[in-house]
Amino acid sequence: MDAKHSSSPAPLDGGPAARLLAWYDRHARDLPWRSRPGEVSDPYRVWLSEVMLQQTTVAAVTPRFTAWVERWPDVASLAAAPDEDIMAAWAGLGYYARARNLVKAARAVVAEHGGRFPTTEAGLRALPGLGAYTAAAIAAIAFGERAVVVDANVERVVARLFAIETPLPAARPAIREATDRITPDARAGDFAQAMMDLGSSICTVKKPQCLLCPIAVDCRGRAEGIAETLPAKAPKKARPYRHGTVFWIEHKGCVWLVRRPDKGMLGGMRALPTGPWVDARPGLADAPGQGPWTMLNETVVHGFTHFELELALARTDGKPENDSAGEWWPIADLGTAGLPTLFARAADLLKRV
DNA sequence: AACACGTGGAC
DNA sequence: TGTCCAAGTGT
């Protein structure tokens with residue numbers, strides 16, 4: 001081959017990709033969405049797991065994934081399910097836009113792709129909720145495409161491997177380019193999963209286990225003694241504090257639940273009524289009824305990604321004053337309502353009063 | 001580009 | 001105890 005047109009050739013020993021794949025062959029985690037060796041991956045299961053795993057730990061996802069595929073074993077059954085069933089099934093997993101986009105994507109696959117997932121990275125990228133990472137991951141894992149898969153694990157491993165000292169997010173283009181250079185033509189899906197397994201078990205944020213690392217020999221960060229400090233990150237902003245009041249309206253063993261608007265926090269989820277979340281304690285302003293309200297002594301404090309919320313708790317007997325959309329839910333069955341964790345915790349305090 | 005968007009576990 | 005962080009995406 002003309003050297004002028006050859007991309008940087010693989011090292012004679014196969015380079016880090018070969019070492020990593022050999023390690024993966026012996027140490028890959030057995031996870032319910034992974035195919036057995038020699039079996040074809042089910043794109044539906046790969047897609048579902050990848051979406052569930054966005055910003056969410058394997059430990060949190062595993063039981064939810066298993067229950068989900070038992071209830072909806074394929075994309076057609078999911079596409080046919082009512083929105084509220086899907087949203088309730090997602091309750092507690094967080095980042096509820098993922099569930100809203102999951103429904104849209106399932107229905108798009110059925111309506112526009114004959115019930116089969118697009119098989120290319122570009123085709124997958126066009127589905128709701130599939131960004132650069134997830135589209136590449138599914139293309140590689142489910143369809144064997146050579147896609148460059150970069151998640152937070154890969155960012156960390158690659159920043160260390162190449163001793164990239166630029167802080168995130170500015171380092172992203174360089175990290176992606178370096179990942180491209182070491183991604184093999186064959187087994188790109190295994191390579192991606194191997195990088196993520198390595199990042200979660202050995203090349204960890206704190207105290208990386210370099211003595212166990214199959215590519216320590218390739219690692220410039222280790223050679224320079226700076227591996228654990230990488231990747232550098234831009235400092236983050238302080239989290240503001242906000243206040244709100246949540247309202248418990250009880251009538252004949254039922255409690256009044258509303259559905260939150262699709263946009264914004266906890267969008268589309270069933271919830272207890274609550275006024276706006278603001279800088280100062282709102283008390284009974286924006287109460288959905290004239291009461292009389294009883295305030296509980298306890299409050300619920302809940303940390304979100306970008307602010308912390310303290311919720312006062314108010315309760316009353318009778319009907320809501322306005323006829324805003326909602327439903328009476330049996331208090332004994334509150335566990336099936338699919339409340340986000342914040343409201344589930346508030347309800348636990350309110351239902352015992 | 002920077003911010004909105006959940007939750008629970010680890011230290 | 002408070003901080004950091006996890007298989008990111010949409011705007």
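In what follows, chains carry the letters A, B, and so on, assigned in the order in which the sequence lines appear, proteins first and then strands, with residues in each chain numbered from 1.
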Under 4.0 Å between a Lys/Arg side-chain N and an Asp/Glu carboxylate O for [X] and [Y]?
| X | Y | answer |
| --- | --- | --- |
| A:Lys104 | A:Asp83 | no |
| A:Arg220 | A:Glu224 | yes |
| A:Asp218 | A:Arg19 | yes |

Compare the minimum distances between each of [options] and the side chain of [X], then state the nucleotide with the smallest one.
| X | options | value |
| --- | --- | --- |
| A:Leu266 | B:dT7, C:dA7, C:dC4 | B:dT7 |
| A:Leu53 | C:dG10, C:dA7, B:dC5 | C:dA7 |
| A:Glu50 | C:dG10, B:dT7, C:dA7 | C:dA7 |
| A:Phe307 | B:dC5, C:dA7, C:dG8 | B:dC5 |
| A:Thr305 | C:dA6, C:dA7, B:dG6 | B:dG6 |

Taking atom types as modelled, is there a side-chain donor on A:Asp180 or A:Thr183 under 3.5 Å from an acceptor on the other?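 Side-chain D/A pair, A:Asp180 to A:Thr183: absent.
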Verify the distance criterion only: is there a donor paired with an acceptor across the side chains of A:Glu50 and A:Tyr133 at less than 3.5 Å?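 Per modelled atom types, A:Glu50 and A:Tyr133 side chains form a pair under 3.5 Å.
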Rounded distance in Å - [atom1] ([X]) to [atom2] ([N]):
| X | N | atom1 | atom2 | answer |
| --- | --- | --- | --- | --- |
| A:Asn101 | C:dT9 | CG | P | 11 Å |
| A:Leu342 | B:dG8 | CG | C1' | 14 Å |
| A:Met52 | C:dT9 | CE | C1' | 17 Å |
| A:Arg45 | C:dA7 | CZ | C1' | 17 Å |
| A:Asp262 | B:dC5 | CG | P | 13 Å |
| A:Gln54 | B:dG6 | CD | C1' | 13 Å |
| A:Leu168 | B:dA2 | CG | P | 13 Å |
| A:Met196 | C:dG8 | CE | C1' | 12 Å |

Indicate whether OP1 or OP2 belonging to [N] is found under 4.0 Å from a side-chain N or O atom of [X].
| X | N | result |
| --- | --- | --- |
| A:His302 | B:dG6 | no |
| A:His306 | B:dC5 | yes |
| A:Gln55 | C:dG8 | yes |
| A:Lys263 | B:dA4 | no |
| A:Thr56 | B:dG6 | no |
| A:Thr341 | B:dT7 | yes |

For A:Thr299, run the side chain to side chain donor-acceptor pair (under 3.5 Å) check against A:Arg281, A:His243, A:Glu310 and tell me which one passes. A:Glu310
Please give the distance between the [atom1] atoms of [N] and [M] as a whole number of Å.
| N | M | atom1 | value |
| --- | --- | --- | --- |
| B:dA2 | C:dA7 | P | 24 Å |
| B:dA1 | C:dG10 | C1' | 13 Å |
| C:dC5 | B:dC5 | C1' | 15 Å |
| C:dC4 | B:dG6 | C1' | 15 Å |

Please work out if [X] contacts a base, only the sugar-phosphate, or nothing of the nucleic acid, heavy-atom cut-off 4.0 Å.
| X | value |
| --- | --- |
| A:Lys206 | nothing |
| A:Leu309 | nothing |
| A:Gly264 | sugar-phosphate |
| A:Ala60 | nothing |
| A:Met265 | sugar-phosphate |
| A:Pro340 | sugar-phosphate |
| A:Val58 | base |
| A:Ala59 | nothing |
| A:Ser49 | nothing |
| A:Arg100 | nothing |

Just to be sure I understand the geometry, which residues of residues 81-98 of chain A put a non-hydrogen atom under 4.0 Å away from DNA chain C?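 Contacts with DNA chain C under 4.0 Å: none.
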Mind checking side chain to side chain donor-acceptor pair (under 3.5 Å) for A:Thr245 and listing every partner two or more places apart, or none if nothing turns up?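 Residues passing side chain to side chain donor-acceptor pair (under 3.5 Å) with A:Thr245: none at all.
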Is it the case that A:Arg242 places NZ or CZ above or below the six-membered ring of A:Phe307, under 6.0 angstrom from the centre and within 45 degrees of the axis?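 Flagged: A:Arg242 positioned over aromatic ring of A:Phe307.
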Within 45 degrees of the axis of the six-membered ring of A:Phe162 and under 6.0 Å from its centre: does A:Arg181 put its NZ or CZ there? yes
With hydrogens left out and only the distance checked, is there a donor-acceptor pair under 3.5 Å joining A:Arg29's side chain and the base of C:dA7? yes
Could you check A:Leu130 against A:Gly199 and say which one's nearest nucleotide on DNA chain C is further toward the 5' end?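 That would be A:Gly199.
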For A:Leu339 and for A:Pro169, locate the closest nucleotide of DNA chain B by heavy-atom distance; then report the residue assigned to the nucleotide nearer the 5' terminus. A:Pro169
Could you tell me whether A:Trp90 and A:Trp68 have their ring centroids closer than 6.0 angstrom? yes
